[in-house]
Amino acid sequence: MELLKQRILKDGEIQDGGIVKVGSFLNHQIDIGLMDEIGRTFYELYRDAGVNKIMTIEASGIAIASMTARHFKVPVVFAKKAKSLNLGSQVYTSTVHSFTYDRDYDVTVDKRYLTKADRVLIVDDFMARGKAMAGLLDICRQAGAEVCGIGICIEKGFQGGGDALREKGIRVESLAIVDHIEDGRIVFR
């Protein structure tokens, strides 16, 4: 998606350790026009897949999932990182490792909101090593839900998560794949 790539080059910040910071428009402060285009693009890529739910992990993925769901006209289910008292005990749980925060955490989804009748499109803002996606795939497996594919705004191709999922036969569509960072500059695949 050329619009997203240009925005990353214009407003993205590169930090030590291969961190690409896009908080000014994607996951801290949100450019709604860009977000709507992202949602429309995911819809165009997956509109014939029979998607009836959009899934993500809180918090950064929720805006992307919401704008995508708007185009599909389906609900959003998001995995919670913190188990609240009102969540109950009937949940699917998986442990994921966050590259950004360098820690493991459990994510949970209430069993009422994900079933074997669901055809799921998983979306998120970033993918590095694919650990968050592995957790969401595990939750879908537990529910018996079919995963139609994964939509990622920015994939860090040099960290291999997307390629590993593709090798397993999972359809992964990334709108911008960062191939590498060279002399402080992002180079797209």
Side-chain angles (χ1 to χ4, degrees), residues 1-2 4-5 8 18 20 26-27 37-58 60-62 64-69 71-81 91-100 104-111 113-180 187-189:
M1 180 179 177
E2 194 59 32
L4 178 58
K5 290 178 184 176
I8 294 166
V20 179
L26 189 64
N27 57 19
E37 283 300 307
I38 287 168
R40 185 190 60 74
T41 301
F42 285 142
Y43 173 75
E44 291 297 324
L45 289 166
Y46 287 101
R47 71 174 161 199
D48 296 327
V51 171
N52 70 349
K53 287 236 171 100
I54 307 297
M55 185 175 188
T56 194
I57 292 181
E58 70 176 351
S60 297
I62 293 173
I64 296 155
S66 296
M67 294 305 267
T68 302
H71 290 277
F72 278 95
K73 297 178 177 43
V74 300
V76 172
V77 173
F78 65 90
K80 294 186 175 212
K81 291 180 182 176
V91 296
Y92 303 112
T93 302
S94 189
T95 302
V96 300
H97 181 79
S98 169
F99 172 79
T100 307
D104 290 339
Y105 53 90
D106 288 338
V107 294
T108 58
V109 171
D110 188 310
K111 289 183 176 182
Y113 307 129
L114 190 66
T115 71
K116 64 184 177 184
D118 290 319
R119 293 181 49 82
V120 179
L121 172 60
I122 299 171
V123 299
D124 209 359
D125 59 341
F126 270 96
M127 181 165 47
R129 296 187 176 116
K131 302 301 183 185
M133 294 302 103
L136 292 180
L137 289 165
D138 179 45
I139 286 174
C140 288
R141 181 196 53 76
Q142 291 174 49
E146 182 178 345
V147 175
C148 299
I150 295 173
I152 300 295
C153 292
I154 303 168
E155 177 183 335
K156 294 196 258 179
F158 58 92
Q159 291 182 306
D163 293 334
L165 291 169
R166 289 179 189 98
E167 286 172 11
K168 292 179 181 178
I170 299 167
R171 181 179 174 192
V172 178
E173 299 286 349
S174 296
L175 304 184
I177 301 176
V178 177
D179 189 55
H180 62 280
V187 178
F188 293 108
R189 185 179 291 175

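Treat the numbers as computed from the prediction; the structure is a model and nothing was measured.
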Set out, in order, the CA-CA distance, both residues' side-chain angles and the distance that settles side chain to side chain contact (heavy atoms under 4.5 Å, CB included) for Ile177 and Phe188, then state yes or no. CA-CA 6 Å; Ile177 301 176; Phe188 293 108; 5.9 Å; no
Who pairs with Asp163 by side chain to side chain contact (heavy atoms under 4.5 Å, CB included), at least two apart in sequence or on another chain? Glu155, Arg166, Arg189
Under 3.5 Å, is there a donor-acceptor pair between the side chain of Lys53 and the main chain of Tyr113? yes
All side chain to side chain donor-acceptor pair (under 3.5 Å) counterparts of Ser66, not counting sequence neighbours: none
Taking all non-hydrogen atoms of both residues, which atom of Glu173 and which atom of Arg171 are closest, and how far apart? OE2-NE, 3.1 Å
Name all residues meeting the salt bridge (charged side-chain N to carboxylate O under 4.0 Å, His left out) criterion together with Asp104; count only those two or more places apart in sequence or in a different chain, and write none if there are none. none
Contacts of type ring pair (Phe, Tyr, Trp, His ring centres under 6.0 Å), residue Phe72, not counting sequence neighbours: Tyr43
I would like to know whether Leu26 and Ile154 meet side chain to side chain contact (heavy atoms under 4.5 Å, CB included); could you show each step before the answer? CA-CA 10 Å; Leu26 189 64; Ile154 303 168; 3.9 Å; yes
Only counting residues at least two apart or in another chain, list the ones meeting side chain to side chain donor-acceptor pair (under 3.5 Å) with Glu44. Arg47
Of all residues at least two apart in sequence or in a different chain, which pass the side chain to side chain contact (heavy atoms under 4.5 Å, CB included) check with Tyr92? Lys111, Leu114, Ile139, Gln142, Ala143
Looking only at atom types and distance, does a side-chain atom of Lys81 sit under 3.5 Å from a main-chain N or O of Glu58, one as donor and one as acceptor? yes
Smallest heavy-atom separation, Leu121 atom then Gly149 atom, equals CD1-O, 3.4 Å
I need the Ile152 CD1 to Met133 CE distance, nearest 0.5 Å. 4.5 Å
Run the side chain to side chain contact (heavy atoms under 4.5 Å, CB included) test against Glu167 and tell me which residues pass, sequence neighbours left out. none
Sequence neighbours left out, what passes side chain to side chain contact (heavy atoms under 4.5 Å, CB included) with Asn52? Give chain and number order. Asp118, Arg119
Counting heavy atoms not belonging to Lys131, are there more than 12 under 6.0 Å from its NZ? no
